[in-house]
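For reference, the structure discussed in these notes is given below.
Whatever order the structure lists them in is the order used to number ligands and atoms, beginning at 1.
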Amino acid sequence: MPGLSRFVLLTAMAIEMTTTRTPLRERLVIGNWKMHGNLADNAKLLAALRPATTATTSAQLAVCVPFPYLAQAAEALKGSSVSWGAQDISVQKQGAFTGEVSASMLKDFGCTWALVGHSERRSMHAETDQLVADKAQAALAAGLIPVVCVGESLAERDAGQAISVIQRQLAPVLALGAEAVNKLVVAYEPVWAIGTGRTATPEQAQEVHAAIRAALQAIGAGNVQILYGGSVKAANAASLFSMPDIDGALVGGAALVADEFLAIAA
Ligand code: 13P
């Protein structure tokens, strides 16, 4: 091999070995609008996000909007690099399930993402770990990317159970196998940090992210993106993102303010 190409190859290998983030673990920032918005406000917010690209924000951007506004998001973001998704899906494929929305319906008109197992659904709709894993599987079967949310309560953290709770929540998801798990995204959202203004410190978040990474690695899915969520804002994003196992954020309140959301991604 000529000297120069050998040098280039060795340099590339050295960079590869020292880089913790592989191309599969692109920075990803997803806004979860929860039950907020109306046509007029959404139009302004989506128009402000529309020009964002990975060049301007250094992260892939997405929004998960309430069901009635999915079509509005699809239209407003068409041709942009901002993708969009839903906040939940039915575990069922189709049938007499009044009020439910299936993964294939969402896929039908171009949806990319589906949050599953958000703590608000686990706590207010009694969603079990197994149901969440089944929803992740339903999303994958329809070609959506599930964002599987996990997180401990304050009482569980205070009892020293944060990591064991996360492992329990993830177990049925990991049981879907490496092929499935490699296609999804995990979001760690400590319940005590959601909407409270009380963010986990970067070190607290990293500790749990590292445990999630280890569990993923153990089944051959170590490059899955793991997002942090819970009172993420522009002021704390950089320190969270500096942690080796934090690949991005799932943002609630701050995702409703275009400048703040874009600043998090930047
Ligand atoms: P906040 O960013 O408002 O704390 O919400 C986090 C969240 O639940 C995102 O899914």
Are Lys34 and ligand 1 in contact, using a heavy-atom cut-off of under 4.0 Å? yes
Hey, does Thr196 come in under 3.5 Å of ligand 1, counting only N/O atoms on both sides? no
Do any heavy atoms of Gly195 fall under 4.0 Å from ligand 1? yes
Spatial distance of atom CG (Leu77) from atom CG (Leu46) [nearest 0.5 Å]: 5.0 Å
Please determine whether salt bridge (charged side-chain N to carboxylate O under 4.0 Å, His left out) holds for the pair Glu152 and Arg157, giving the CA-CA distance in whole Å, both sets of side-chain angles, and the decisive distance to 0.1 Å. CA-CA 6 Å; Glu152 82 286 2; Arg157 171 157 286 265; 2.7 Å; yes
Can you find an N/O atom of Glu120 closer than 3.5 Å to an N/O atom of ligand 1? no
All pairs passing side-chain hydrogen bond (donor to acceptor under 3.5 Å, both in side chains) where residues 39-49 contributes a residue, at least two apart: Asn38-Asp41, Asn42-Gln72
Counting each atom of ligand 1 from 1 as listed, which ones have a heavy atom of Gly253 under 4.0 Å away? 1 (P), 2 (O), 3 (O)
I want to know whether Phe109 and Trp84 have ring centres closer than 6.0 Å. yes
Are Gly230 and ligand 1 in contact, using a heavy-atom cut-off of under 4.0 Å? yes
Are any of the side-chain nitrogens in Glu120 or Lys34 under 4.0 Å away from the carboxylate oxygens of its partner? yes
Which residue pairs satisfy the side-chain hydrogen bond (donor to acceptor under 3.5 Å, both in side chains) criterion with at least one member in residues 160-183, sequence neighbours excluded? Asp129-Arg168
Examine the proximity of ligand 1 to Leu250 and report which part, side chain or backbone, both or neither, has a heavy atom under 4.0 Å away. both
Backbone or side chain, does any N or O of Gly252 fall under 3.5 Å from an N or O of ligand 1? yes
Classify the side-chain pair Glu189/His118 by whether it contains a donor and acceptor separated by less than 3.5 Å. yes
Could you check atom 9 (C) of ligand 1 against the protein and tell me its nearest heavy-atom contact, residue, atom and distance included? Glu189 OE2, 2.8 Å
Identify, by atom number and element, the atoms of ligand 1 in contact range of Ser231, meaning under 4.0 Å from any of its heavy atoms. 1 (P), 2 (O), 4 (O)
Heavy atom under 4.0 Å from ligand 1: found in Ala193's side chain, backbone, both, or neither? backbone
Check the pair Leu240 / Val232 against side chain to side chain contact (heavy atoms under 4.5 Å, CB included), numbers first and verdict last. CA-CA 9 Å; Leu240 287 161; Val232 175; 4.1 Å; yes
